[in-house]
Amino acid sequence: MKFSDSVTAIKGVGESRAEGFRSLGVSTVGELLRFYPRTYEDWSRVTGFANCVTGENACVRATVLYPVNNERVRGGMLIARTAVSDGESVAQVVFFNNKYIPSMLKSGEEYLFYGKVTLGRMGEREMISPLFIKPSQSVEIRPIYHQNKKINSRAVQSAVSFALENVGEIKDYLPDSIIKRYSLISLDEAIRAIHFPKNSEQLQQARDRLVFDELFILQLSLLTLKSENAAAATNNIVTDDCSARFAASLPFELTGAQKRAVSEAVADMKSGRQMNRLLQGDVGSGKTAVAASLVYTAAKNKMQSAVMAPTELLAVQHYDTFSKLFENSGIRCALLTGSTKASDKKRIKEQLKNGEIDFVAGTHALIQDDVKFRRLGLVITDEQHRFGVKQRTGLCRKGDNPHVYVMSATPIPRTLALILFGDLSVSVLDELPPGRQKTKTYAIGSAQRGAMFDFIRRSLDSGYQAYIVCPLVEDSESAGGLQSAQEYYKKASAAFSGYRLGLLHGKMTAAQKDEIMAKFKAGEIQLLVATVVIEVGVDVPNAVVMAVENAERFGLSQLHQLRGRVGRGSVQSACILVSDAKGEEAAARMRIMCSTADGFKIADEDLKLRGPGDFFGTRQHGLPRLRIADFITDTNMIMKTQKLAAEIIKSDRRFEKEENRKIGVQVYRKIRSLQVVNTANTI
Ligand code: ADP
Ligand code: MG
């Protein structure tokens, strides 16, 4: 039997089962062997009823006390019932709609029962529909597979068993050197044991080997793609590096990390190949100055640049910041958003087409069909994961292989950055501008809100500004005690009479939001009550207090972003998290926020608490699907294999060495299957 044989070559697999297999994604014998169990029944740890934890699976050896009573109840349901004893305690066992139970369970005989032990109505122990076997059958750990109407887990199991008996030895593609170095078991042993482990130790070894393989091949594939992508040629070439001149015009000295990031990107832009680079920097690390430096350099090399932001508010802010940085530089700037006046839009589009504008900041409005550039050489997107792929590629098509620079303010755990952005180069701003004071973070209950108001008043009295963030815009029936910005604004207006308050939320029009934000920036508003619309990127250095109501409603990364809105000047700032939530997860989040300011560490914790789907806030988080490895729990393995993959790419990028040839075959196969997913990561 060969790996490429259809599953119908397996005894017992006819057309119907083959169809069932197909909808599980399995058509060949090879795919079947890689169809790993979803979980396992552990029959190896036999215990007594007295030791069972209610609601958890357990395996108990027990004797049937009397013949099974099979009874049809009203409604037609068939209920089979008996009692079993483990020698010390008794439990009821109950089955529904199975007329064969009386012939399968014999009174006076001993069986192993596997299932959840629960408490019945009278407090008696019960096992509902447990699995059972004769103790003589020496099964210790049993595989449980995904199943469907056409094929159940048992049938999958027997098909796998048949296949394993008939495929012969499964050949390894890892060289002995790697197997030894990482103390792995052979592929043959691993695949056999992942389906039918003899004990939990062997299962662990099998899993280790297969997780290693999956992550190793994945990372090799991504690195290979990256080295191939780097070859895209472009005519957008920087010949004159003007970044030092720009740096000299800044009111501050760039940090070492900023300088490094600029020179990495400029080197890309000089290379004659398209830049594909991600800038990762914690909030306040100064990504804007880096981006501006590149825009300046592009403009001085006769290329136009576009910055696309996810919200109107941020587009406007980018426009303002960049324009200010470009004062007296001769760089012509424009802003193009949905709410730009029609007549202005027309003029700006004309000027972009004629090359009379060097730099445009904007929102999605930039990707409309009638926006054309004379020579778009640099595309910068801010807060990358908020954009769909289509929008980014849309902007790139307006140029001829423009350089792409992606700025992400959400620190992504280091282990995942390479997998998510495996085909991008990454620059990291791991240093904050000097003179910053660490923001102090406090977690309080709502009973202390009065004291918090006093604290905020004192800050306002000293000439500073503050934010209070609420989870909702307006009160609604489903709110369940959550604070809404609108109601809160009313209450706060009374509590802060004599102060200048503002309200900002997502249901306001862009013009209204801009007006409020402008007033806050100008200091006309002292206290801003807002929703998370202010979360990303807003920069008002005079704001020194960030209070968050119902803090339990926000994810860690979001809280970190909010906290990043303060502490942007040289003054000691404070972040106050208000929450009455009792849950363990909420408590864990507050603890982490109070104990660290490191965005990468927070991202790690956030990922652990919420999982990748929620962490990235969207289902299309771009992480490839894994068969067996887990992005959260297998971080050690991710790092190990990352290192090894990098070593191999460095020494034998085309897998030409004898020992790497078979690895190469796996890698190219993987790349083919990744291409679909990978467009999500490629710009
Ligand atoms: P972020 O990375 O969050 O986008 P910004 O680019 O908004 O950060 O920068 C945060 C603040 O730090 C801004 O007010 C900016 O002017 C200031 N800043 C940036 N770089 C430096 C530096 N090297 N020295 C001092 N201040 C800086
Ligand atoms: Mg920013």
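These numbers come from the heavy atoms of this one structure, side chains and all, not from hydrogens, waters or symmetry mates.
When side chains are defined from C-beta on, V94 does not count as touching M127, because their heavy atoms never get closer than 4.5 Å. Inter-residue side-chain proximity for V469 and M546 is flagged as met; some heavy-atom pair is nearer than 4.5 Å. At a threshold of 4.5 Å between non-hydrogen side-chain atoms, the residues E126 and V117 do not count as touching.
In summary, E110 and K134 do not engage in a salt bridge, as defined by a charged side-chain N under 4.0 Å from a carboxylate O. Ion pairing between R591 and E584 holds under the 4.0 Å rule for side-chain N and carboxylate O. One finds a salt bridge joining D42 and R45 here, because a Lys/Arg side-chain nitrogen approaches an Asp/Glu carboxylate oxygen to under 4.0 Å.
Under the side chain to side chain donor-acceptor pair (under 3.5 Å) criterion, Q483 pairs with K491, not counting sequence neighbours.
Side-chain N or O atoms of N166 include one that pairs as donor or acceptor with a backbone N or O of F162 at under 3.5 Å. Formation of a donor-acceptor pair under 3.5 Å by the D188 side chain with backbone atoms of E169 is not found in this model. Judged by distance alone, the side chain of E124 and the main-chain N or O of M122 form a donor-acceptor pair under 3.5 Å. Side chain of Q147 to backbone of S153: a donor-acceptor contact under 3.5 angstrom is found. In this structure, the side chain of Q558 does not engage the main chain of F554 through any donor-acceptor pair within 3.5 Å. R192 contributes a side-chain N or O that, together with a main-chain N or O of L164, makes up a donor-acceptor pair within less than 3.5 Å.
Between the CG atom in L187 and the CD1 atom in I170 there is a gap of 6.0 Å [rounded to 0.5 Å]. Distance check, rounded to the nearest 0.5 Å: CE of M590 to CD of E585 gives 9.5 Å. The distance from atom CZ of R181 to atom NZ of K640, rounded to the nearest 0.5 Å, is 10.5 Å. To the nearest 0.5 Å, atom NZ of residue K116 and atom CD of residue E56 are 9.0 Å apart. Within the model, atoms OH of Y66 and OG1 of T82 stand 5.0 Å from one another, a figure rounded to the nearest 0.5 Å. Note that SG of C575 is 13.5 Å distant from NZ of K440, once rounded to the nearest 0.5 Å.
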Derivation of the side-chain hydrogen bond (donor to acceptor under 3.5 Å, both in side chains) call for Y145 and N152: CA-CA 8 Å; Y145 297 89; N152 64 24; over 6 Å; no
Stepwise side-chain hydrogen bond (donor to acceptor under 3.5 Å, both in side chains) test for Q219 and Q642: CA-CA 6 Å; Q219 311 211 48; Q642 217 157 67; 3.0 Å; yes
Stepwise side-chain contact (heavy atoms from CB on, under 4.5 Å) test for F113 and L105: CA-CA 11 Å; F113 292 91; L105 272 183; 3.9 Å; yes
Candidate pair H560 and D606, rule side-chain hydrogen bond (donor to acceptor under 3.5 Å, both in side chains), full reasoning: CA-CA 10 Å; H560 181 64; D606 200 17; over 6 Å; no
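Considering all non-hydrogen atoms of both residues, V90 and A83 come closest at CG1-CB, 4.0 Å. Nearest approach of T641 to I638, heavy atoms of both residues: OG1-O, 3.1 Å. The nearest pair of heavy atoms linking T531 to A485 is CG2-CB, 3.9 Å. For the residue pair D172 and S186, the shortest heavy atom distance occurs at OD2-CA, 3.6 Å. S107 and P67 make their closest contact through CB-N, 3.6 Å (heavy atoms, listed as atom of the first residue, atom of the second, distance).
Other residues, nucleotides and ligands contribute at most 12 non-hydrogen atoms within 6.0 Å of the CZ atom of R154. With a 6.0 Å radius and a threshold of 12 heavy atoms from other residues, nucleotides or ligands, E647 has its CD atom above the threshold. Around the CD atom of E201, the shell of radius 6.0 Å holds no more than 12 heavy atoms that belong to other residues, nucleotides or ligands. Under a cut-off of 6.0 angstrom, the local environment of CZ in R207 is crowded, with over 12 non-hydrogen atoms contributed by other residues, nucleotides or ligands.
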Distance-only criterion, 3.5 Å: show the donor-acceptor pairs between side-chain atoms of residues 18-33 and protein atoms not counting sequence neighbours.
{"unit_1": "E19", "atom_1": "OE2", "unit_2": "K150", "atom_2": "NZ", "d": "3.0"}
{"unit_1": "R22", "atom_1": "NH2", "unit_2": "E15", "atom_2": "OE2", "d": "3.3"}
{"unit_1": "S23", "atom_1": "OG", "unit_2": "G20", "atom_2": "O", "d": "3.0"}
{"unit_1": "S23", "atom_1": "OG", "unit_2": "N148", "atom_2": "ND2", "d": "3.0"}
{"unit_1": "T28", "atom_1": "OG1", "unit_2": "E31", "atom_2": "N", "d": "3.1"}
{"unit_1": "E31", "atom_1": "OE1", "unit_2": "S27", "atom_2": "N", "d": "2.7"}
{"unit_1": "E31", "atom_1": "OE1", "unit_2": "T28", "atom_2": "N", "d": "3.1"}

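If you look at F132 and F95, their ring centroids are closer than 6.0 Å.
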